[in-house]
Number of protein chains: 2
Amino acid sequence: MISKTCGYAIRGVIFLALENNINKRIGIQEIAEELKVPQQFMGKILQELVRKDILKSTKGPHGGFYVNDSILDLSLIRIVEAIDGLGVLKKCFLGREECSSENPCPMHDEFEVCRSSIFETFQSKNIRYFVEHIEDGTTFLAT
Amino acid sequence: MISKTCGYAIRGVIFLALENNINKRIGIQEIAEELKVPQQFMGKILQELVRKDILKSTKGPHGGFYVNDSILDLSLIRIVEAIDGLGVLKKCFLGREECSSENPCPMHDEFEVCRSSIFETFQSKNIRYFVEHIEDGTTFLAT
DNA sequence: AGAATAAAAGACCCTTATATCTTTATATTT
DNA sequence: AAATATAAAGATATAAGGGTCTTTTATTCT
Ligand code: FES
Ligand code: FES
């Protein structure tokens, strides 16, 4: 559905939003350890998000990645867009060249329900929503 | 969700199972043209399905791939199992090592609904079901 | 039997996803 | 100013997925 890279990105952003205590930077090492993801690979992904203006970072001692408060209002779809592109949510389930309701494949109707509910969540829920669920212990970022 | 390869496999099997095709050999060239998929690649996939006893084939003139009536009772999950393995339907949406309801990631609950509905369809619907929908023109195999 | 046909089989290639390593630039501390 | 710590940037590595090509084998037709 979405790439593994994109899943890492989403978890990374939520993690940073969670720890967001006024300009607190978090090193890539800590992030990777907390989320149980490959450190260097996570570094590259977060760099990409910095380039796309979703995160900030500073070099040097006590440097690291961070976000400002506005991150809480960001909808998840922006992260998917930055990493995978929106096309990832428009592909035919059975690998046909096109996906359309006018010329649906055998799985289209069923898949469309799932896909649009996921899309709707990505679009309507912001980072704040996910942060709250982590904070009250109903969901978790690491396995 | 499932691989492109697996989508091709499903479409190939349904194509071979269409009423007027049962017990008739169909060359890989015709199959590939009808479904608009790469011929040689489709050949490899169908060969794999022959090895897994889902299809039959014969070489030589008028040879090709074919199925017998029993294919109509096969549930789609068997094809997914043969090509991708059942694990493909158990991965965490956000790329964590494990997916579980006890320790759910932020997208787990929502994704679980989708995934289990897809899984349920794969398991409960047989090829006959899909063939009927193709035959009455409500769904289509090729774009 | 020999020629023609068509899939099987396996080697090979390209692209993308995933991951790591090395070098460079920058900020902080001394 | 020099040393040090740390992330950025970019090159490289690895694996998997997706796809092509060539040779072999089996079947049918003449
Ligand atoms: S046509 Fe296949 S999922 Fe839409
Ligand atoms: S834990 Fe992420 S989808 Fe189940």
Side-chain angles (χ1 to χ4, degrees), chain A residues 1-12 16 23-33 35-67 80 82-85 87-88 91-92 94-97, chain B residues 1-12 16 24-33 35-67 80 82-85 87-88 91-97:
Chain A
M1 184 86 86
I2 61 173
S3 69
K4 205 168 191 176
T5 302
C6 192
Y8 287 178
I10 291 172
R11 287 161 63 205
L16 286 169
N23 282 345
K24 179 178 163 193
R25 286 103 204 255
I26 307 182
I28 182 60
Q29 186 176 342
E30 182 183 349
I31 297 171
E33 270 169 18
L35 299 183
K36 308 255 186 62
V37 297
Q39 175 175 336
Q40 312 263 43
F41 186 39
M42 193 61 171
K44 291 217 84 70
I45 297 169
L46 297 184
Q47 280 163 34
E48 178 67 23
L49 291 175
V50 169
R51 240 172 275 131
K52 294 273 170 64
D53 288 323
I54 291 172
L55 302 180
K56 308 267 180 216
S57 70
T58 58
K59 298 180 177 180
H62 303 129
F65 295 92
Y66 63 102
V67 292
V80 176
I83 300 294
D84 282 343
V88 79
K91 293 192 291 193
C92 170
L94 294 184
R96 299 188 334 169
E97 290 161 8
Chain B
M1 182 86 86
I2 61 173
S3 68
K4 205 168 191 177
T5 302
C6 192
Y8 287 178
I10 291 172
R11 286 161 64 205
L16 286 169
K24 179 177 142 192
R25 286 106 207 255
I26 307 183
I28 182 60
Q29 185 177 343
E30 181 181 349
I31 297 171
E33 272 170 17
L35 300 183
K36 307 255 187 63
V37 296
Q39 175 175 336
Q40 311 263 44
F41 186 41
M42 192 61 170
K44 290 211 86 69
I45 297 169
L46 297 183
Q47 281 161 35
E48 179 66 22
L49 291 174
V50 169
R51 241 172 273 129
K52 295 273 170 66
D53 288 323
I54 292 173
L55 301 180
K56 309 265 180 217
S57 72
T58 59
K59 298 180 177 180
H62 304 129
F65 295 91
Y66 64 103
V67 292
V80 176
I83 301 293
D84 282 343
V88 79
K91 293 191 291 192
C92 170
F93 187 82
L94 294 183
R96 299 188 334 169
E97 290 160 6

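Hydrogens, waters and symmetry mates are skipped; everything else that's a heavy atom, side chains included, is used. The chains referred to below are lettered A, B, ... by the order of the sequence lines, with proteins before strands, and numbering in each begins at 1. Since the model is a prediction, treat every value here as computed from it, not as a measurement.
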| Nearest-Å distance, CD1 (A:Ile31) to C1' (D:dA7)? | 11 Å

| message | Do A:Leu35 and A:Tyr8 make a side-chain contact, defined as non-hydrogen atoms from C-beta onward lying under 4.5 Å apart? | response | no

| Ionic contact status for B:Glu48 with B:Lys44, cut-off 4.0 Å | no

| query | A:Glu33: what forms a salt bridge (charged side-chain N to carboxylate O under 4.0 Å, His left out) with it, not counting sequence neighbours? | reply | none

| query | Taking atom C1' of D:dT20 as reference, at what distance in whole Å does atom CD of B:Gln39 sit? | reply | 11 Å

| Who pairs with B:Thr5 by side-chain contact (heavy atoms from CB on, under 4.5 Å), at least two apart in sequence or on another chain? | B:Ser3, B:Phe41, B:Ile45, B:Ile83

| field | Atom-pair distance (CD on B:Gln29; P on D:dT20), nearest Å | value | 14 Å

| note | A:Phe65 CZ to D:dA8 C1', in whole Å, measures 8 Å

| query | Please give, in whole Å, the distance from D:dG18 C1' to A:Lys91 NZ? | reply | 12 Å

| query | Over how many whole Å does the gap from B:Phe41 atom CZ to D:dA16 atom P extend? | reply | 15 Å

Would you list the protein and nucleotides 10-13 of chain D atom pairs, both N or O, that sit under 3.5 Å from each other?
| unit_1 | atom_1 | unit_2 | atom_2 | d |
| --- | --- | --- | --- | --- |
| D:dG10 | N7 | A:Lys44 | NZ | 2.4 |
| D:dG10 | O6 | A:Lys44 | NZ | 3.3 |

| task | Could you encode protein contacts along nucleotides 22-30 of chain D as a string, one character per nucleotide from 5' to 3', using B for base contact, S for sugar-phosphate-only contact and - for no contact, with a heavy-atom cut-off of under 4.0 Å? | result | B--BBBSS-

| task | Mark yes or no for whether A:Arg25, through its side chain, and A:Thr58, through its backbone, hold a donor-acceptor pair below 3.5 Å. | result | no

| Once you round to the nearest 0.5 Å, how far does CG of B:Leu55 lie from CG of B:Leu49? | 5.0 Å

| task | State the NZ-CG distance between A:Lys4 and A:Asp84, to the nearest 0.5 angstrom. | result | 13.5 Å

| query | Rounded to the nearest 0.5 Å, what separation is found between the CG atom of A:Leu46 and the CZ atom of A:Phe65? | reply | 5.0 Å

| Could you state the CD-P distance from A:Glu30 to D:dT6, rounded to the nearest angstrom? | 12 Å

| request: Calculate the interatomic distance between B:Met42 atom CE and D:dG17 atom C1'; express it in whole Å. | output: 16 Å

| task | Take B:Ser57 and A:Tyr8, find for each the nucleotide of DNA chain C with the closest heavy atom, and name the residue whose nucleotide sits nearer the 5' end. | result | B:Ser57

| query | Mind checking whether A:Lys36 and B:Arg96 have side chains closer than 4.5 Å, heavy atoms only? | reply | no

| request: Using a heavy-atom cut-off of under 4.0 Å over every strand shown, decide if B:Gly64 touches base, sugar-phosphate, or nothing. | output: sugar-phosphate

| Atom pair CD1/CD of B:Ile28 and B:Gln47 - distance to nearest 0.5 Å | 8.0 Å

| said: What's B:Tyr66 touching, base or sugar-phosphate or nothing? Going by heavy atoms closer than 4.0 Å. | reply: nothing

| said: With a strict under 4.0 Å distance from non-hydrogen atoms of chain B, what nucleotide opens and what nucleotide closes the contacted stretch of DNA chain C, reading 5' to 3'? | reply: C:dT5 to C:dA11

| By salt bridge (charged side-chain N to carboxylate O under 4.0 Å, His left out) - contacts of A:Glu30 (at least two apart) | none

